[in-house]
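Report on the structure given below.
None of these values were measured; they are calculated from a predicted model. The sequence lines fix the lettering, A, B, ..., with proteins before strands; numbering per chain opens at 1. The figures that follow rest on heavy atoms only: side chains count, while hydrogens, waters and symmetry mates do not.
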Amino acid sequence: MGLRVYDTKRREKVDFSTIEPGKVSMYVCGVTVYDYCHLGHARCYLSFDLIHRWLESSGYDVNYIQNFTDIEDKIIKRSIEIDEDWRALVGRFIDAYFEDMDALNILRADSYPRCTDYVEEMIEIIEDLIQKNHAYIANDGVYFDVHSAPEKYGILTGQSIDAVLEGAGGRVGSTGSGKRDHKDFALWKEGKEGEPSWSSPWGDGRPGWHIECTAMSLATLGDQFDIHGGGHDLRFPHHEAEIFQTECHTGKHPMVHHWLHNGFVNIDGEKMSKSLGNFWTIRDILEKVPALTLRMALINAHYRSPIDMNEQIINDAIKNIGRIHDTYKLLLENLSEDPIQLPRGDLSSMLPLPKSIGLLEKIAEDFARAMDDDFNSREAVSKLIAGSKELTKVVNQISGDDQKAYATMGVLWMEELAGEVLGLLPTREEALLKPETDPRREAISQEVEELLRQRTIARDGKNWAEADAIRDKLSQIGVTVTDTADGPVWELA
RNA sequence: GCACGGGUGUCAGAGCGGCUAUGAGCGGGACUGCAGAUCCUGAAACCGGAGUUCAAAUCUCCGUCCGUGCUCCA
């Protein structure tokens with residue numbers, strides 16, 4: 001069974017197909033760069049990172065485009081507020097975007113077009129739409145006339161063009177713009193004094209929000225492409241506007257073969273959003289939670305389900321990622337003199353324990369089936385944990401060459417599933433990093449070692465009270481002691 | 001109001017016609033002086049009602065509750 005995806009437009013899971021065999025063209029709406037990214041952005045780009053990774057892992061050649069909206073009302077507003085040139089502001093937050101996403105181990109898209117580089121294309125499209133009577137010039141800009149293509153209304157959200165008027169409550173009619181109908185949307189906005197603007201046949205101004213994605217997807221992926229993604233809230237009006245513009249301009253239908261939308265991050269059961277003021281930026285969270293743990297927390301739900309962010313989700317993620325990292329480390333420590341030199345590659349080369357290997361292969365198949373089922377990362381994680389348990393159990397039961405061979409296989413197994421596909425593994429170097437290299441640890445190392453020596457003496461003399469007292473003392477300075485077969489090991493809390 | 005998603009054990013969260021989800025937490029057990037880690041193992045669930053079916057958490061209908069969209073928002 002091949003890959004199936006839930007298509008927002010068709011409202012069901014459908015077999016995934018591509019326009020060109022073996023290749024996937026994918027466009028995901030990017031951020032408007034006027035502030036730091038919040039958890040919701042993390043979830044969105046993480047969802048599409050997973051999709052990106054799984055498609056590549058399935059053998060597709062993926063062309064992944066993600067834009068930056070670098071001119072927009074909020075950018076202008078912010079730039080005036082903090083008295084910073086809008087270009088500088090935008091540059092700053094694009095840099096911040098990459099820092100945050102790199103930290104979360106999100107692979108880079110193939111290209112990141114910025115809408116200000118496509119203003120000419122937008123103007124051409126708008127001119128064409130006016131010529132084809134899909135758009136009209138008003139006193140304050142150019143608008144798309146939704147009644148010129150009523151069959152395209154509500155394609156993603158199931159709303160009929162007539163129903164919208166009724167429900168929009170008191171907001172309807174108060175647009176104050178040159179729109180003929182409140183459902184029409186701006187293609188070009190007349191510029192105001194002192195604002196960034198571009199010249200156009202309709203005077204100086206700037207593009208509307210929706211037209212940019214049309215211009216950039218057309219320029220980078222063509223008239224029709226395989227996947228268009230974004231947050232759930234973008235279905236309407238943004239993505240529906242794109243359909244209007246693009247299809248009316250090119251005359252081709254459908255512009256997109258699979259519409260994919262990720263679910264939201266909620267805080268205490270409510271949508272996290274800037275307007276509600278209950279949002280956390282990625283960098284706020286990364287001060288408290290390691291990046292891969294956050295990644296685990298967000299992957300641990302299906303990408304379309306809402307996630308209610310709370311402490312328990314993080315605690316679960318700490319346990320889960322800890323188990324996976326522990327197993328990975330254990331395997332690395334057992335495989336050979338120099339684990340770093342181990343070639344990456346096929347995992348079926350050495351087979352000391354056919355039964356366990358068979359089980360792991362079965363788990364890997366289940367894992368693939370889960371990912372093929374609309375990228376069910378939650379299910380995939382549960383398979384990964386099952387495999388992780390099996391590896392830990394077996395590698396501890398055997399020794400010698402068998403153990404080395406098995407551990408080698410295990411490392412490759414984990415690097416494929418946990419590493420390449422889910423992006424949850426640190427590098428081999430990081431996984432093996434001895435805690436002594438932590439500078440905070442360095443500082444108290446001598447004192448701790450001395451206390452541990454005393455405790456070992458006490459324990460040898462079965463003087464448990466004293467041994468425990470020393471352990472308590474250590475825990476007061478933030479040191480956790482764990483006794484192992486090779487003696488006590490300590491780490492900072 | 002209209003549209004779209006949902007309501008699964010203590011919690012988080014898969015499954016979406018028959019078969020153990022999984023993780024945390026809780027209960028046993030092994031190993032440990034104890035603790036931790038690890039391994040083995042137990043209890044525990046499908047919002048309410050009706051229907052379809054040999055069989056329903058899974059399909060249909062009704063009810064109910066929650067979230068989201070209809071306005072800038074990933």
What does B:C16 pair with, Watson-Crick or G-U, if both distances are under 3.5 Å?
-> none
Gap between atoms CG and P, on A:Asp35 and B:C72 respectively (whole Å) = 19 Å
B:U68 and B:G42, which share atom name C1', separated by this distance in whole Å = 40 Å
Give one of base, sugar-phosphate or nothing for A:Gly229, where a contact means two heavy atoms less than 4.0 Å apart.
-> nothing
Base B:A74 to side chain A:His232, donor-acceptor N/O within 3.5 Å cut-off = no
Nearest-angstrom distance, P atom, B:G36 to B:U32 = 16 Å
Of A:Ile385 and A:Glu72, the one whose closest nucleotide on RNA chain B sits nearer the 5' end is A:Ile385
Please write out each protein N/O paired with an N/O of nucleotides 15-21 of chain B under 3.5 Å, distance rounded to 0.1 Å.
| unit_1 | atom_1 | unit_2 | atom_2 | d |
| --- | --- | --- | --- | --- |
| B:G15 | OP1 | A:Asn376 | ND2 | 3.0 |

Taking the same atom, P, in B:C54 and in B:G15, what whole-Å distance lies between them?
-> 28 Å
Considering only the C1' atoms, how many Å lie between B:A45 and B:G7, rounded to the nearest integer?
-> 13 Å
If every non-hydrogen atom of A:His228 is compared with every non-hydrogen atom of A:His239, which pair is closest and at what distance?
-> NE2-NE2, 3.3 Å
For B:C59, the Watson-Crick or wobble counterpart (both distances under 3.5 Å) = B:G51
Reckon A:Phe264 touches a base, only the sugar-phosphate, or nothing at all at heavy-atom distances under 4.0 Å?
-> base
Thinking salt bridges, do A:Asp372 and A:Arg4 make one under a 4.0 Å N-O criterion?
-> no
Could you tell me whether A:Val265 contacts a base, only the sugar-phosphate backbone, or nothing, with contacts defined as non-hydrogen atoms closer than 4.0 Å?
-> base
Hunt down the Watson-Crick or G-U wobble partner of B:A3, both distances under 3.5 Å, from any strand shown, or write none.
-> B:U68
Between atom NE2 in A:His261 and atom C1' in B:U68, what is the gap in whole Å?
-> 13 Å
Contact class for A:Tyr6 vs. all strands (heavy atom < 4.0 Å): base, sugar-phosphate, or nothing?
-> sugar-phosphate
Would you check if A:Val62 and A:His52 make a side-chain contact, meaning some heavy-atom pair closer than 4.5 Å?
-> yes
For A:Gly230, answer base if it contacts any base atom (sugar-phosphate contacts may also be present), sugar-phosphate if it contacts only those atoms, and nothing otherwise; contact means non-hydrogen atoms under 4.0 Å.
-> sugar-phosphate
According to the Watson-Crick and G-U wobble definitions, with both distances under 3.5 Å, which nucleotide is paired to B:G36?
-> none
Which value, in whole Å, describes the distance between the C1' atoms of nucleotides B:G67 and B:C47?
-> 15 Å
P gap between B:G51 and B:A56, integer Å | 12 Å
Provide the Watson-Crick or G-U wobble partner of B:U10, both distances under 3.5 Å; none if there is no partner.
-> B:A24
From A:His257 NE2 over to A:Arg10 CZ, what is the distance, rounded to the nearest 0.5 angstrom?
-> 8.5 Å
With a 6.0 Å cut-off on ring centres, are A:Phe279 and A:Tyr36 close enough?
-> no
Would you indicate, yes or no, if B:C73 has its OP1 or OP2 atom less than 4.0 angstrom from a side-chain nitrogen or oxygen of A:Tyr34?
-> no
Record whether the side chain of A:Asp316 comes under 3.5 Å of the base of B:G23 through a donor-acceptor pair of N or O atoms.
-> yes
What pairs with A:Lys152 under salt bridge (charged side-chain N to carboxylate O under 4.0 Å, His left out), at least two apart in sequence or on another chain?
-> A:Glu247
Rounding to the closest angstrom, what is the interatomic distance between B:U8 and B:U58 at atom C1'?
-> 11 Å
Could you tell me whether the side chain of A:Tyr118 reaches within less than 4.5 Å of the side chain of A:Glu212, counting heavy atoms only?
-> no
Validation row: A:Asp102, A:Arg108 side chains within 4.5 angstrom (heavy atoms) | yes
Value in whole Å for how far the P atom of B:A74 lies from CG of A:Leu234 | 7 Å
Look at atom CD of A:Glu151 and say whether more than 12 heavy atoms of other residues, nucleotides or ligands are closer to it than 6.0 Å.
-> yes
Can a donor-acceptor pair be found between the side chains of A:Asp472 and A:Ser475 at a distance below 3.5 Å?
-> no
For B:G27 versus B:A37, give the span between their P atoms, rounded off to a whole number of Å.
-> 14 Å
Quick one: which of A:Tyr45, A:Phe68, A:Phe93 gives a ring-ring contact (aromatic ring centres under 6.0 Å, His included) with A:Phe98?
-> A:Phe68
Reading nucleotides 35-44 of chain B from the 5' end, what letters show protein touch, with B for base, S for backbone sugar-phosphate only, - for no heavy atom under 4.0 Å?
-> BB-SSS----
When you get a sec, tell me which of B:C72, B:G23, B:U71 is the closest nucleotide to the side chain of A:Asn320?
-> B:G23
Spacing of A:Gln312 atom CD relative to B:A12 atom P, expressed in whole Å | 7 Å
